[in-house]
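Structure first, commentary second.
In this chain, residues are counted from 1 in sequence order. Since the structure is predicted, the reported quantities are computational estimates derived from the model, not experimental observations.
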Amino acid sequence: MRILITGGTVLSSTGAVKADVLVDGETIAALSAPGIAVLSSDADKVIDAGGKYVLPGGIDGHTHMEMPFGGTHSNDTFETGTTAAAWGGTTTIIDFAVQAKGTTLQSTLDKWHSKADGNCAIDYGFHMIVSDVNDTSLKEMQTCIDQGVNSFKMFMAYPGVFYATDGEILRAMQRAADIGGLIMMHAENGIAIDELVAQALQEGRTDPVQHGLTRPSALEGEATSRAITLAKVTGSPLYIVHLSAAEALAAVAGARNTGQNVFAETCPQYLYLSIEDLAKPDFEGSKYVASPPLRPKEHQASLWNGLRTNDLSVVSTDHCPFCFNEQKELGRGDFSKIPNGIPGVEHRMDLLHQGVVAGEISLARWVEITSTTPARMFGLYPRKGTISPGSDADIVVYDPAATQTLSAETHHMNVDYSAYEGMRITGKVDTVLSRGRVVVEGNAFHGSAGHGRFLSRELCQYLN
């Protein structure tokens, strides 16, 4: 099918231009000056994008569909989660395959393929969580790369579950440096945090806000600095996930200023929500429990500035939805038992557009941090992340003048609350194409499970 998107303003990471876009099958065939008659005469379908933006589909590089955690699992399946992503203008996700202690990386990858394959509405890839560092798993890192999974997440938090010692991290970084892999780090000092949590519970401080108070930003800054030092010693690239704190950002900026291959992402919740949400009464604060925790509002200005300076390169969601009823409520009377995670895969593009509306970032930067940089960071460019001839026709037509109110009543994520309930948004997704197929149009979903394909990724393109 040939589709012509006409009359819109095509956005890229370098600017905006009035242009028509011709899609032929699954790829972009041509861009032209507006109104070229030969293009419209040859199209099976014409989409009028007058007054709207035309931008590459969003790439969310950090999601957790069907992820086991604390005796339960995140409530979005690969089908419901990728459908919700498409509604919000995200056309690619990269999810995390979670190695359990005592299992192999290959069996883990096979398990996650069985969950996702044939069930996704949009294209998807995997990162690998390495929670059991040993000779076998280190060797298997190359096996993962051979299968298009070339980024490996480790944890300085969650002792007894995912936690890796500095020595284990060192070994994994040495291996990544040798084979071209990218180490992703959850940087919080889990040993110190566990002690603070134990003290709070012993003193009877059990409300959700204690989740934030026992994970102070200084311990994120310390762990980030330590991870950067280990990366420097080993020569490994480093990607800090879900950075939330000014101290951690300062460490990243300092490393980047010396030329070290250190990158970082933040998430919309750290730009718009705060510890005040964690402190909401009647256990409402549990809806906002995630790790790292929401910070005092003064951190938000630093994060927006980091997005402008590129010390924060990417905005992902860390989408990990647990329902308030039955799941978050597991932690009533003990905040440490509240499942960690906030839903957000559907709202990332809209929330970052609010940054454009507020003057925090430019239109070009909006595209860069939500699509183009993730594509390059995770080895998908130029197949993804750009509207260019030959690229996949992952395209969003976005109405910058439309308004909407975010609510659990209208979102499509499989979770019973919205972290942004009642928030008024300027801008709304109008039409979404995934590899040339119209999956969202006219406030209706036209996609289907199984359309999405697994993406075998190349190495991080900032290191080539």
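- Arg424 CZ to Gln354 CD: the interatomic distance, rounded to the nearest 0.5 Å, is 10.0 Å.
- A donor and an acceptor atom, one from each side chain of Asp146 and Gln142, are located under 3.5 Å apart.
- Looking only at side-chain heavy atoms (C-beta outward), Met67 and Val98 come within less than 4.5 Å of each other.
- Side-chain contact of Ser388 with Ser391: a donor-acceptor pair under 3.5 Å is absent, judged by distance alone.
- A cation-pi arrangement is present between Arg215 and Tyr158, with the terminal nitrogen or guanidinium carbon under 6.0 Å from the aromatic centre and inside a 45° cone about the axis.
- For the pair Ala245 and Glu220, the tightest heavy-atom approach, listed with the atom from each and the gap, is CB-OE1, 3.5 Å.
- Scanning for side chain to side chain contact (heavy atoms under 4.5 Å, CB included) contacts around Tyr381 gives Thr372, Ala375, Arg376, Thr386, Gln461, with sequence neighbours left out.
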Contacts under 3.5 angstrom, residues 190-200 side chains, donor-acceptor by atom type, not counting sequence neighbours:
from, atom 1, to, atom 2, distance (Å)
Glu195, OE2, Gln199, NE2, 3.2

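- The heavy-atom pair separating Met128 from Leu105 by the smallest distance is CE-O, 3.4 Å.
- Residues Arg435 and Asp392 are not paired through a salt bridge, judged by the lack of any N-O separation under 4.0 Å between the basic side chain and the carboxylate.
- In this pair, Trp366 and His353 present their aromatic rings tilted. The plane angle is within the 30 to 60° band.
- Remark: the backbone N or O of Glu284 is not paired with any side-chain donor or acceptor of Asp282 at under 3.5 angstrom.
- Checked by atom type and distance alone, the side chain of Gln404 never pairs as donor or acceptor with a backbone atom of Ile425 at under 3.5 Å.
- Aromatic pair Phe445/His412: centroids not less than 6.0 angstrom apart.
- Distance check: Leu201 CG to Asp334 CG gives 4.5 Å after rounding to the nearest 0.5 Å.
- Ring-centre distance between Tyr239 and Phe378: below the 6.0 Å cut-off.
- Checking each of Arg348, Glu346, Glu265 against Thr317 for a side chain to side chain contact (heavy atoms under 4.5 Å, CB included) leaves exactly one that passes, namely Arg348.
- Minimum interatomic distance between Thr90 and Met349 (heavy atoms only, all atoms of both residues): OG1-CG, 4.0 Å.
- Between Tyr53 and Tyr398, the angle of the ring planes stays under 30°, which puts this pair in the parallel group of the 30/60° scheme.
- Between Tyr124 and Phe78, the ring planes are tilted. Angles from 30° to 60° get that label.
- At a threshold of 4.5 Å between non-hydrogen side-chain atoms, the residues Met65 and His319 count as touching.
- Pairs of residues two or more places apart, or lying in two chains, never qualify as salt bridge (charged side-chain N to carboxylate O under 4.0 Å, His left out) while including a residue from residues 234-255.
- Under the 4.0 Å criterion applied to side-chain N and carboxylate O atoms, Lys280 and Asp277 are assigned as salt-bridge partners.
- Ring geometry for His347 against His411 counts as tilted: the plane angle lies between 30° and 60°, on a 0 to 90° scale.
- The backbone N or O of Thr165 sits less than 3.5 Å from a side-chain atom of Glu168, completing a donor-acceptor pair.
- Proximity of a side-chain donor or acceptor of Thr229 to a complementary backbone N or O of Ser225 within less than 3.5 Å is detected.
- Dense packing is recorded around CD of Glu203, with more than 12 heavy atoms of other residues, nucleotides or ligands lying under 6.0 Å away.
- Panel note: side chain Asp394, backbone Ser434; no donor-acceptor pair is recorded below 3.5 Å.
- Note: Ser217 OG to Arg295 CZ = 5.0 Å, rounded to the nearest 0.5 Å.
- Distance check, rounded to the nearest 0.5 Å: OG1 of Thr77 to CD of Glu66 gives 5.5 Å.
- With respect to the salt-bridge test (charged N to carboxylate O, under 4.0 angstrom), the residues Arg365 and Glu368 qualify.
- There is no side-chain donor-acceptor pair under 3.5 Å between Asp95 and His64.
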Go through it in stages, so that I can follow the logic: the residues are Glu329 and Arg332, the test is salt bridge (Lys or Arg N to Asp or Glu O under 4.0 Å), and I'd like the CA-CA distance, side-chain angles, deciding distance and then a yes or no. CA-CA 5 Å; Glu329 288 183 333; Arg332 280 192 184 271; 3.5 Å; yes

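- Remark: aromatic rings of Tyr288 and His211 are distant, center separation not under 6.0 Å.
- A donor-acceptor pair under 3.5 Å is absent between the side-chain atoms of His73 and the main chain of Pro68, judged by distance alone.
- Contact check for Leu273 versus Tyr420: side-chain heavy atoms found under the 4.5 Å cut-off.
- Using a cutoff of 4.0 Å between basic side-chain nitrogens and carboxylate oxygens, Lys101 and Asp132 are not scored as salt-bridged.
- Of all heavy-atom pairs spanning Asp318 and Ser291, the tightest one is OD2-O, 4.0 Å.
- Thr82 contributes a side-chain N or O that, together with a main-chain N or O of Ala121, makes up a donor-acceptor pair within less than 3.5 Å.
- Leu330 CG to Ile338 CD1: the interatomic distance, rounded to the nearest 0.5 Å, is 9.5 Å.
- Between Asp123 and Arg453 no salt bridge is recorded (no basic side-chain N to carboxylate O distance below 4.0 Å).
- The closest side-chain heavy-atom distance from Val367 to Pro56 is below 4.5 Å.
- Taking the six-membered ring for Trp and thresholds of 30 and 60 degrees, His242 and His186 have ring planes more than 60 degrees apart, a perpendicular arrangement.
- Looking at Val161 and Phe69, their side chains never come closer than 4.5 Å, going by heavy atoms from C-beta outward.
- A salt bridge does not link Lys428 to Asp350: none of the charged side-chain nitrogens sits closer than 4.0 Å to a carboxylate oxygen.
- Looking only at side-chain heavy atoms (C-beta outward), Pro293 and Glu188 come within less than 4.5 Å of each other.
- Lys328 places a side-chain N or O within 3.5 Å of a backbone atom of Val289 that can act as its donor or acceptor partner.
- Panel note: side chain Asn150, backbone Ile145; no donor-acceptor pair is recorded below 3.5 Å.
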What verdict does the side-chain hydrogen bond (donor to acceptor under 3.5 Å, both in side chains) test give for Asn414 and Asp76, after you've listed the backbone C-alpha separation in whole Å, the side-chain angles of each residue and the deciding distance to 0.1 Å? CA-CA 5 Å; Asn414 191 32; Asp76 260 320; 4.9 Å; no

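- Contact record, Tyr417 with Phe322: CE2-O, 3.2 Å, taken as the closest heavy-atom pair.
- Taking OG of Ser302 as the start and CG of Leu307 as the end, the distance is 11.0 Å to the nearest 0.5 Å.
- Between Arg205 and Phe335, the shortest heavy-atom contact is O-CE2, 3.4 Å.
- Within the 4.5 Å cutoff, side-chain heavy atoms of Arg457 are placed close to those of Ile94.
- If you look at His127 and Phe152, their ring centroids are not closer than 6.0 Å.
- The 12-atom threshold is exceeded at CD of Glu298, counting heavy atoms of other residues, nucleotides or ligands nearer than 6.0 Å.
- Asn119 contributes a side-chain N or O that, together with a main-chain N or O of Lys115, makes up a donor-acceptor pair within less than 3.5 Å.
- Counting only heavy atoms from C-beta outward, the side chains of Leu351 and Leu406 approach each other to under 4.5 Å.
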Check against ring-ring contact (aromatic ring centres under 6.0 Å, His included), Tyr270 and His299: CA-CA 8 Å; Tyr270 303 122; His299 289 263; 10.0 Å; no

